[in-house]
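Worksheet for the structure shown next.
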Amino acid sequence: MPAWWLAGILLLAAGCASAPPKGSPVYYNRAPEETPRSVFTAAEDTLILARIKSKLFSDDLVDQDDIDIRVRHGVVILEGNARDIYHRRMIMDLIQTVDGVVRIENRMALIHSGTTFATSESVTRDRIQMALLGDPELGPYPVRVTATRDEVILTGSVGSQVLKQKAAAIAKGFAGDRRVVNQLVSSN
């Protein structure tokens, strides 16, 4: 057997031994947070986030206090707590309607796994909170409303004593028989 024959067989055997295994290859897909972005993509993501926050803020039924929203490459990443499965679904449905959203990664935990029912306390709290947020002078201030069976409690801070009184007057308009406890702190 000539030497070139033997060399050919050895090269062929070495080539066959290093052939990749059969089957589909597995590719590593980076998470959206790990993928680098261009300045243009970062600007688009910021615009998408602004649209999402505007849409969620304008919906009276969505509570976004415990939700962290991030956007990377058009992928919306939701973290935090949703009240129940319906609240989580409502948030996702609203976000899906925003232009530029590619997909939603839902990492939200549920506070209640079942259905939550609106109580008179929660309805009163939500109405007062929305009225305060809708007021052009009080809207920018972090006013928290808590409603119990007997009282409505306002906490947080406002810019002046006049705004503190205005917040209490708005709360009294929705409180019904409940007593309004004004614990707001004014910066003046």
Side-chain angles (χ1 to χ4, degrees), residues 26-119 121-147 153-160 163-164 166-167 170-171 174 184-187:
V26 176
Y27 296 101
Y28 172 70
N29 288 331
R30 288 195 249 182
E33 300 98 313
E34 299 172 356
T35 308
R37 310 188 278 187
S38 67
V39 174
F40 180 72
T41 304
E44 279 184 341
D45 288 344
T46 303
L47 183 61
I48 292 169
L49 181 62
R51 287 181 193 145
I52 289 169
K53 290 203 176 222
S54 173
K55 182 154 286 215
L56 292 178
F57 182 76
S58 65
D59 192 300
D60 294 341
L61 299 175
V62 174
D63 180 18
Q64 60 180 351
D65 291 342
D66 294 336
I67 300 170
D68 178 40
I69 305 169
R70 290 177 288 136
V71 180
R72 297 284 298 200
H73 301 281
V75 177
V76 179
I77 303 155
L78 300 173
E79 293 179 333
N81 298 314
R83 285 191 308 253
D84 56 29
I85 57 174
Y86 301 107
H87 183 243
R88 181 171 62 182
R89 183 75 235 170
M90 191 181 332
I91 291 168
M92 291 179 61
D93 288 346
L94 282 171
I95 291 173
Q96 195 64 45
T97 64
V98 174
D99 288 338
V101 172
V102 176
R103 92 173 177 269
I104 300 171
E105 285 189 14
N106 185 350
R107 301 175 186 169
M108 291 188 293
L110 295 176
I111 296 172
H112 304 286
S113 57
T115 305
T116 58
F117 296 98
T119 61
E121 291 86 5
S122 66
V123 170
T124 300
R125 179 200 66 220
D126 291 347
R127 286 182 179 163
I128 294 170
Q129 191 76 58
M130 290 308 296
L132 293 172
L133 287 171
D135 184 271
E137 295 176 318
L138 289 167
Y141 291 101
V143 176
R144 182 147 180 95
V145 180
T146 307
I153 305 164
L154 301 176
T155 56
S157 61
V158 292
S160 67
L163 291 177
K164 179 178 177 178
K166 184 176 184 180
I170 289 173
F174 294 97
L184 290 171
V185 177
S186 65
S187 57

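Along the sequence shown, residues are numbered consecutively beginning with 1.
V76 places none of its side-chain heavy atoms less than 4.5 Å from the side chain of V98. Side chains of L163 and E137 form a contact here, defined as non-hydrogen atoms less than 4.5 Å apart.
Electrostatic pairing of D93 and R89 counts as a salt bridge here, judged by a charged N lying under 4.0 Å from a carboxylate O. In summary, E79 and R70 engage in a salt bridge, as defined by a charged side-chain N under 4.0 Å from a carboxylate O.
Within the model, atoms CE of M130 and CZ of R125 stand 12.0 Å from one another, a figure rounded to the nearest 0.5 Å. In this structure, NZ on K166 lies 10.0 Å from CG on L132, to the nearest 0.5 angstrom. Here the CD1-NZ distance, from I95 to K53, works out to 10.0 Å after rounding to the nearest 0.5 Å. Note that the CE atom of M90 and the CG atom of L56 stand 10.5 Å from one another [nearest 0.5 Å]. The structure places CG of N81 at 11.0 Å from CG of D68, a figure rounded to the nearest 0.5 Å. Remark: R127 CZ to S122 OG distance equals 10.0 Å, nearest 0.5 Å.
Crowding of R51 atom CZ: a count of heavy atoms from other residues, nucleotides or ligands under 6.0 Å exceeding 12.
Looking only at distances, a side-chain donor or acceptor of H73 sits under 3.5 Å from a matching main-chain atom of P36. Looking at Q129, its side chain does come within 3.5 Å of a backbone N or O of V143 through a donor-acceptor pair. Side-chain N or O atoms of S54 include none that pairs as donor or acceptor with a backbone N or O of A50 at under 3.5 Å.
The nearest pair of heavy atoms linking A171 to L154 is CB-CD1, 4.0 Å. I77 and R72 get closest at one heavy-atom pair: CD1-CG, 4.3 Å. Closest of all the heavy-atom pairs between I91 and L78 is CG2-CD1, 4.2 Å. Between G100 and I48, the shortest heavy-atom distance links the atoms O-CD1, 3.3 Å. Between A82 and M108, the shortest heavy-atom contact is CB-SD, 4.2 Å. Residues S187 and G159 share a closest heavy-atom pair of OG-O, 3.0 Å.
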Stepwise, does the side chain to side chain contact (heavy atoms under 4.5 Å, CB included) test hold for I85 with R88?
-> CA-CA 5 Å; I85 57 174; R88 181 171 62 182; 4.0 Å; yes

Could you go through the side chain to side chain contact (heavy atoms under 4.5 Å, CB included) check for H87 and I67 one step at a time?
-> CA-CA 11 Å; H87 183 243; I67 300 170; 4.2 Å; yes

With side chain to side chain contact (heavy atoms under 4.5 Å, CB included) as the test, would you mind laying out the steps for I104 and Q96 before giving the verdict?
-> CA-CA 8 Å; I104 300 171; Q96 195 64 45; 3.5 Å; yes

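When each of L184, V158, L133 is checked for a side-chain contact (heavy atoms from CB on, under 4.5 Å) with Y141, only V158 meets the rule.
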